[in-house]
Amino acid sequence: MKILGIETSCDETAAAVVTSTGDPARPWAVASNVVSSQTEIHREWGGIVPEIASRQHVADICGVVEAALEQASTPLSGIDAIAVTEGPGLVGSLLVGVSFAKALAAARGLPIVGVHHLAGHIESLTLEHGELPLPAVILVVSGGHTSLYFVPARGEYRLVGQTRDDAAGEAYDKVARLLGLGYPGGPVMDRLAAGGRDDAVALPVTRFTRPDRNDAPADIRDGEFPDDVKRMAEFSFSGLKTAAVRHIEQHGAGDVADFCASFQRVVVTTLVDRLFAVASRLGARSVGIAGGVSANRRLRADAAARGGRERLPVFVPAMSLSTDNAAMIAAAGLRRLSLKGASALDFNASASLPISR
Ligand code: KG4
Ligand code: ZN
């Protein structure tokens, strides 16, 4: 089966063709993966302007879908189904993809499947590495999300916890802007951090208290995660951001590389500690990191080292599958199609779609 994936949840217009291989261990293969990024357009404003984003999606979507079909050497008649991100995201942006996908599906008589954007990020790991050992705990970390998911079975995604305020990528972007490093700031800070001392600036680490710490695997058969596990999976980056802002205002950034390295140490340590703490409590057999921030070099290195020590395999996608793309949406669409069948045509874009329905 060949599926066309469409993703327009934020500021990337993306289309991809993914085929099912018939191999249960490596179920999907990327035939094409086209992304038209609006970063240059939004850079001028220092962040994403939703109204500009939706208009740009309208301008780009036909060309992006055509390019994806062409690069996959597949005419539209060779496509068997369509997958599209239905949420969460910017509703004006989502609507462009959903309307386009529905129109195409109706015109060609094709099954269509609505996909949760975060399910896409999670399935980017299987798309690249094949089926993960389950249960797995997956950290999705980007400019919009910092969330931990428990995956007990194929196609089942259960949110354990998420950030209470800023996403990790958002914290990077805001601090980078203050340092005059431009937008998006994560990649620049990551690069600069490599040449800095990570203990140069004292920034606060948000600690999670675990008075009821219990190293035995949690019993989650009743469907609820225990409170201590939920607390472990809660993130907060606004305190760190405020401390960074205050430090820069009072003392200046000092050596920018040192500042970036110190900031990065706090963010990465928090992410890695919680990912592995939750994985251990939930008896995970693998962990994964997906989303734009998974490109971070220290995050990859620290997670790999920790996984090595704890004998837990760690999966991270390639760059092209870590930032927003449609191949991951196509993959999650194939998963959903095989488990639950096609969506009814009356589904709609939803800015705050819950992951399990
Ligand atoms: O997944 P993504 O492309 O878009 C969404 O936010 O959904 O992620 C973009 C975010 C931005 O905040 C960017 O600064 C961050 O990922 N990012 C990084 C790195 N590369 C991208 N943050 C830290 N280190 C990086 N190497
Ligand atoms: Zn994303």
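First listed ligand is number 1; within each ligand, the first listed atom is number 1. Not measured: the values here are computed from a predicted model.
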Q: Would you indicate which of Pro187, Ala193, Ala290 comes nearest to atom 19 (C) of ligand 1 when only heavy atoms are counted?
A: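 Comparing heavy atoms across Pro187, Ala193, Ala290, the nearest one to atom 19 (C) of ligand 1 lies in Pro187.
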**Q.** Heavy-atom closest contact (His129 atom, Val316 atom, distance)
**A.**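 The answer is NE2-O, 2.7 Å.
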Q: Mind listing the closest non-hydrogen atom pair of Ile112 and Ala105 along with its distance?
A: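 Looks like CB-CB, 3.9 Å.
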Out of all atoms in ligand 1, which are within 4.0 Å of some heavy atom of [X]? Include the element for each.
X      : value
Thr323 : 3 (O)
Gly144 : 6 (O)
Gly143 : 5 (C), 6 (O), 8 (O), 9 (C), 10 (C), 12 (O)
Gly186 : 14 (O), 18 (C), 19 (C), 22 (N), 23 (C), 24 (N), 25 (C)
Gly169 : 12 (O)

Q: Before signing off on this row, confirm whether Asn296 and ligand 1 have an N or O atom pair separated by under 3.5 Å.
A: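 Between Asn296 and ligand 1 (N or O atoms, distance only) the closest approach is under 3.5 Å.
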Which residue supplies the protein heavy atom nearest to [atom], what is that atom called, and how far is it?
atom                    : answer
atom 4 (O) of ligand 1  : Asp324 OD2, 3.7 Å
atom 1 (O) of ligand 1  : Gly292 N, 3.0 Å
atom 15 (C) of ligand 1 : Val293 CG2, 3.8 Å

Q: Quick one: look at Asp190 and ligand 1, take heavy-atom pairs under 4.0 Å, and tell me if it's side chain, backbone, both or neither.
A: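 It is the side chain that gets close, since no backbone atom is under 4.0 Å.
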Q) With backbone taken as N, CA, C and O and side chain as the heavy atoms from C-beta onward, which portion of Asp173 lies under 4.0 Å from ligand 1: side chain, backbone, both, or neither? A)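 The answer is the side chain.
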Q: Kindly say whether Gly97 contributes a backbone atom to a donor-acceptor pair with the side chain of Thr8 at under 3.5 angstrom?
A: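 Yes, because the side chain of Thr8 sits within donor-acceptor range (under 3.5 Å) of the backbone of Gly97.
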Q.
Around atom CD of Glu70, are there more than 12 heavy atoms from other residues, nucleotides or ligands closer than 6.0 Å?
A.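 At most 12 heavy atoms, drawn from other residues, nucleotides or ligands, come within 6.0 Å of this atom.
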Q: Sort out for me which residue in Asp165, Thr270, Asp166 forms a side chain to side chain donor-acceptor pair (under 3.5 Å) with Ser236.
A: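 Single pass found, and it is Asp165.
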**Q.** Contact check, Ala295 vs ligand 1, heavy-atom distance below 4.0 Å
**A.**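 Checking ligand 1 against Ala295, which is what was asked, there is a heavy-atom contact under 4.0 Å.
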Q: Run the ring-centre check on His247 versus Phe259 and record whether the distance is less than 6.0 Å.
A: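 Yes, they do, as the ring centres are separated by less than 6.0 Å.
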Q: Please determine if the Zn ion (ligand 2) has an N/O/S atom from His121 lying under 2.8 Å away.
A: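 For His121, the answer is yes, given that an N, O or S atom comes within less than 2.8 Å of the Zn ion (ligand 2).
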Q: Have a look at the Zn ion (ligand 2) and estimate, to 10 degrees, the angle subtended by NE2 (His117) and OD1 (Asp324).
A: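 If I round to 10°, I get 100°.
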(Q) Salt bridge check, Glu170 against Lys174: does any charged N sit closer than 4.0 Å to a carboxylate O? (A)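 A salt bridge links Lys174 with Glu170.
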Q: Answer yes or no on whether Lys241 is positioned over the face of Phe263, meaning its NZ or CZ is under 6.0 Å from the six-membered ring centre and within 45° of the axis.
A: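 No.
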Q) Is NZ or CZ of Arg177 both nearer than 6.0 Å to the six-membered ring centre of Tyr183 and within 45° of the ring axis? A)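 No; the conditions do not both hold, so Arg177 does not lie above the ring face of Tyr183.
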